[in-house]
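One structure is given below, encoded as structure tokens.
Whatever order the structure lists ligands and atoms in, that order sets their numbers, starting from 1.
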Amino acid sequence: MEVQMRIIVLCFVMISSATDEVKNLTGAEGGSITLPDPVVELGFLSLGGKPIAMVTERKITILEEIYKDRLLLNSNTGLFTLSGLQRTDSGIYYIDSKKGRVFTSSYKLTVYESVPTPAVKVTSVSADSCTLLCLVEKAEETSLLWYKDEEIVNQSSSALSLPLTVHKQDFSSSYRCVAANPAENKTHAVHVSTSCSGQNDTATDTRHRKTDSNTEYKNMIGIAISIVATVIIILVACNIKWKYFDKRRTRQAQDAVNRGSDVEYSDIQICEDRRSQGENVQEPSGNADHSNLKTIYYKLEAQRLVPIYTDTTDVYEI
Ligand SMILES: *[C@@H]1O[C@H](CO)[C@@H](O)[C@H](O)[C@H]1NC(C)=O
Ligand SMILES: *[C@@H]1O[C@H](CO)[C@@H](O)[C@H](O)[C@H]1NC(C)=O
Ligand SMILES: *[C@@H]1O[C@H](CO)[C@@H](O)[C@H](O)[C@H]1NC(C)=O
Ligand SMILES: *[C@@H]1O[C@H](CO)[C@@H](O)[C@H](O)[C@H]1NC(C)=O
């Protein structure tokens, strides 16, 4: 029964394929394609001379196992859709509609590899222009096109990259690189003024960094050293200042007691005093009165102090 049917289909196919004009169809690997002519009541779909499906009353019967899950018939429209396209699906397909609307159609289906996504690099920036490079990883059957707005300004086929030089007066135009094969295309849009001005400083910088990573390393060490040095200097300065104040505090307290008069302190001149006095600072001996002094004199530099004397202890009020 099925063998008879196949023979009948084969005859239909052979008669029709001789007469009809071929419609070109393209598909992308992994994508799907819908054949544009509907079969509703009775008809056949074949690839080359080989029937692959039959339609009776809006129902499809698949005759080749490899199309079981990939070939569908939309029962409303009567259109065939082949999904999960592979390169091997390329070929000449025939539809023979034998009842209702009677016709024969043939289609040349070409399944292309999926188009690679293009990338764009800025290769050089000068005072009045910027050169962009559009790149793809594989170029088989792929064209690269540079668009300025809707106009093609450069193109190549089966090349891995395509340059474009943009002049400063065109920086605000909208540019895009399109990778395309007959089945599909992918676009990379470029904001030229941003890409190129950003590149001006940072990209040349990054290029330097890539090639001169040694220099960068040295720079980092240099920066680290100067930070450490600064910290050390600050620490030393603080230390010297503290020592100085300790000295000064002791001396002034003694002076005040000796003179027994109101004292006004002028601004402190650290350098001279530090030099004139020896390194050996007499630390106040650790009794309660001296520790009290320490706390109060802490603000010496910022404020003028007026000493007030009680009988025996040195107390200063701010
Ligand atoms: C289909 O593609 C072929 C080349 O593959 C071309 O010669 C032919 O003119 C195309 N037919 C149509 C209808 O576009
Ligand atoms: C277009 O590409 C070619 C290389 O394919 C290049 O020599 C030419 O400079 C490019 N044109 C522009 C306007 O950038
Ligand atoms: C890219 O694909 C769209 C549809 O997806 C189509 O309209 C457009 O013409 C294609 N462009 C190119 C350059 O092939
Ligand atoms: C890049 O920087 C230089 C100065 O560093 C400037 O003269 C030039 O205009 C800049 N180019 C772009 C495209 O911004």
For ligand 3, which atoms, with element, lie under 4.0 Å from some heavy atom of Y147?
13 (C)
Test: E21 and K108 ion pair at under 4.0 Å:
no
Considering only protein heavy atoms, which is closest to atom 14 (O) of ligand 2, and at what distance to one decimal place?
T165 N, 2.8 Å
Beyond-backbone contact of R58 with V40, side-chain heavy atoms, under 4.5 angstrom
yes
Taking atom types as modelled and ignoring hydrogens, do the side chains of T131 and T165 form a donor-acceptor contact shorter than 3.5 angstrom?
yes
The atoms of ligand 2 lying under 4.0 Å from a heavy atom of L162, numbered in the order shown, are 2 (O), 5 (O)
Y67 and L47: side chain to side chain contact (heavy atoms under 4.5 Å, CB included), yes or no, with the steps?
CA-CA 11 Å; Y67 296 101; L47 169 60; 3.2 Å; yes
Heavy atom under 4.0 Å from ligand 1: found in K108's side chain, backbone, both, or neither?
side chain
protein heavy-atom neighbour closest to atom 4 (C) of ligand 3 works out as N185 ND2, 4.6 Å
When you measure from atom 12 (C) of ligand 1 to every protein heavy atom, which one gives the shortest distance, and what is it?
N24 ND2, 3.2 Å
Exceeds 12 heavy-atom contacts within 6.0 angstrom, atom CD of Q169:
yes
Nearest protein heavy atom under 4.0 Å from atom 7 (O) of ligand 3, yes or no:
no
Give a yes/no verdict on whether any heavy atom in S156 is under 4.0 Å from an atom of ligand 2.
no
Which of these, S97, S106, S105, sits in a side chain to side chain donor-acceptor pair (under 3.5 Å) with D37?
S105
May I ask you to test the V22-N24 pair for a side-chain heavy-atom distance under 4.5 Å?
yes
Tell me the closest heavy-atom pair linking L145 and Q155, and the distance in Å.
CD2-OE1, 3.7 Å
Shortest protein contact, atom 13 (C) of ligand 1 (heavy atom only):
V22 O, 3.7 Å
Short check: is a protein heavy atom less than 4.0 Å from atom 10 (C) of ligand 3?
yes
Would you mind running through ligand 2 and noting each atom that sits below 4.0 Å from a heavy atom of N154?
1 (C), 2 (O), 3 (C), 8 (C), 10 (C), 11 (N), 12 (C), 14 (O)
